[in-house]
2 protein chains.
Amino acid sequence: MSDHRERLKLAGYKLTKARLAVLQVIEHADGHVTSADVLDGVALVDPAVGRASVFRTLDLLTRLSIVRPTYIGTSATPYYVLLPGGHHHHIICTVCSRVIEFAECGLENIAILLEERLKVKLTGHLLEFYGQCADCQDKIAVNNED
Amino acid sequence: MSDHRERLKLAGYKLTKARLAVLQVIEHADGHVTSADVLDGVALVDPAVGRASVFRTLDLLTRLSIVRPTYIGTSATPYYVLLPGGHHHHIICTVCSRVIEFAECGLENIAILLEERLKVKLTGHLLEFYGQCADCQDKIAVNNED
DNA sequence: TTTAAATTGATACATAGTCTCATTCAGAGT
DNA sequence: ACTCTGAATGAGACTATGTATCAATTTAAA
Ligand SMILES: [Zn+2]
Ligand SMILES: [Zn+2]
Ligand SMILES: [Zn+2]
Ligand SMILES: [Zn+2]
């Protein structure tokens, strides 16, 4: 996926060691990573990279719609998700914080509509549903049984 | 909108002064508030309410899909948005952090589909598009003009 | 009104993210 | 390959956001 490196370059940003390290960590992670996860991973990949640069890079990747922060479970710190192809979709269980991803969204049409109507240029999107997963519904049902 | 109070009650939570104060502040705010905004507002509405309870209530409202934290601009702190009717949709400009809301989403069908296929029970959703607003496209165009 | 469990406020604390600035580095031009 | 310049970085002090603890209070049901 050196696709991401390409996009940094095209947008006029230098391919520095810090940025390459952060990208590598995020790409190899499976889905949802916190900044702490990225800091830990980067410390292994390239210990010379500093704390501030990791945060700067996460911000940059967010501005480029390569990555998107989202709050899961406790609101302490965001999780970063890759937006491969510009989008990502998941369901968050509000009871156990489990995340279930899904592929289809059918949002292309509304995206085009919004671009025309509002004169915006859209580069990505995130769709999140909230609710209870199958397990947590069962638990609630059991608790209400008396 | 004492709808929200009703929902707290139904879910088995007490209608305490802290919770009522937080709800009042969020309902009267126009769209996107940070925890700092809520803390300030609550200090005016009911100065006896403590810092911790504000955070506890924001967490609770999030778990009930009454409110949803989202990441806008800097990574410092989340913005909380109301999910009236269970959903909210906006576009975030990745250049100037402006937020543009829009009403329609057409996601009812996919919600039903997911509930059936994954046996989840969905209570709300958030749809975010990322890109550049009209103004920021203009700026970029000007910068590239030489 | 009584009561028990839920919730709270105060405050000390942990930690996530920011700022500053001298130094380094990426990459374009030669 | 060598030079040069602005972009980017690392160190680390610093700010502020959110958390944990626990005795005291309050809600709401009986
Ligand atoms: Zn669950
Ligand atoms: Zn999509
Ligand atoms: Zn803009
Ligand atoms: Zn919707």
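In the text below, chain A, chain B and the rest are named by the order of the sequence lines, each starting its count at 1.
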Atom-to-atom span, CG of B/Asp37 to P of D/dT17 - whole angstrom: 10 Å

Gap between atoms CG and P, on B/Asp46 and C/dG9 respectively (whole Å): 8 Å

Length of the line joining B/Tyr71:OH and C/dA16:C1', which is rounded to integer Å: 11 Å

Side chain of B/Ala76 (C-beta onward), nearest among D/dA8, C/dT18, C/dT8: C/dT18

Any donor-acceptor pair under 3.5 Å from A/Arg68 side chain to A/Leu126 backbone: no

Exercise: identify the closest heavy-atom pair between B/His32 and B/His88: NE2-NE2, 3.7 Å

Rounded interatomic separation in angstrom, taking CG from B/Leu20 and C1' from C/dT7: 13 Å

Separation of D/dA7 P from A/Asp59 CG (nearest whole Å): 18 Å

Heavy atoms of other groups near A/Tyr79 OH, more than 12 under 6.0 Å: no

Shortest non-hydrogen contact from A/Val38 toward A/Val22: CG1-CG1, 4.1 Å

Pairwise 5' ranking along DNA chain D for A/Thr57 and B/Ala36, keeping only the more 5' one: A/Thr57

Side chain of B/Ser53 (C-beta onward), nearest among D/dA28, D/dT17, C/dT8: C/dT8

Per B/Lys14 side chain, nearest of listed nucleotides C/dG9, D/dG18, C/dA5: C/dA5

Among D/dG12, D/dT17, D/dA28, the one nearest B/Leu15 by side-chain distance: D/dA28

Shortest side-chain distance from A/Arg19, nucleotide among C/dG27, D/dA8, C/dA16: D/dA8

Touch class at under 4.0 angstrom, heavy-atom based, for B/Ala18 against every strand present: sugar-phosphate

Separation between OG1 of B/Thr34 and CG of B/Asp37, rounded to the nearest 0.5 Å: 3.0 Å

Nearest-angstrom distance from the residue atom CG of A/Leu10 to C1' of C/dG27: 15 Å

Sugar-phosphate, base or nothing in reach of B/Ala48, heavy atoms under 4.0 Å: sugar-phosphate

Nucleotide of D/dT17, C/dG27, C/dG9 approaching B/Arg51 most closely (side-chain heavy atoms): D/dT17

Between C/dA16 (C1') and A/Asp40 (CG): distance, integer Å: 13 Å

Proximal nucleotide (of D/dA8, C/dT8, C/dG17) relative to the A/Tyr13 side chain: D/dA8

Closest non-hydrogen atom pair, B/Thr62 against B/Tyr80: OG1-CE2, 3.9 Å

Closest to the A/Arg56 side chain, choosing from C/dT8, C/dT20, D/dT17: C/dT20

Between P of D/dT26 and NZ of B/Lys17, the distance in whole Å: 7 Å

Short side-chain N/O contact to D/dT26 OP1/OP2 from B/Thr16, under 4.0 Å: no

Any B/Ser35 side-chain N or O less than 4.0 Å from OP1/OP2 of D/dG18: yes

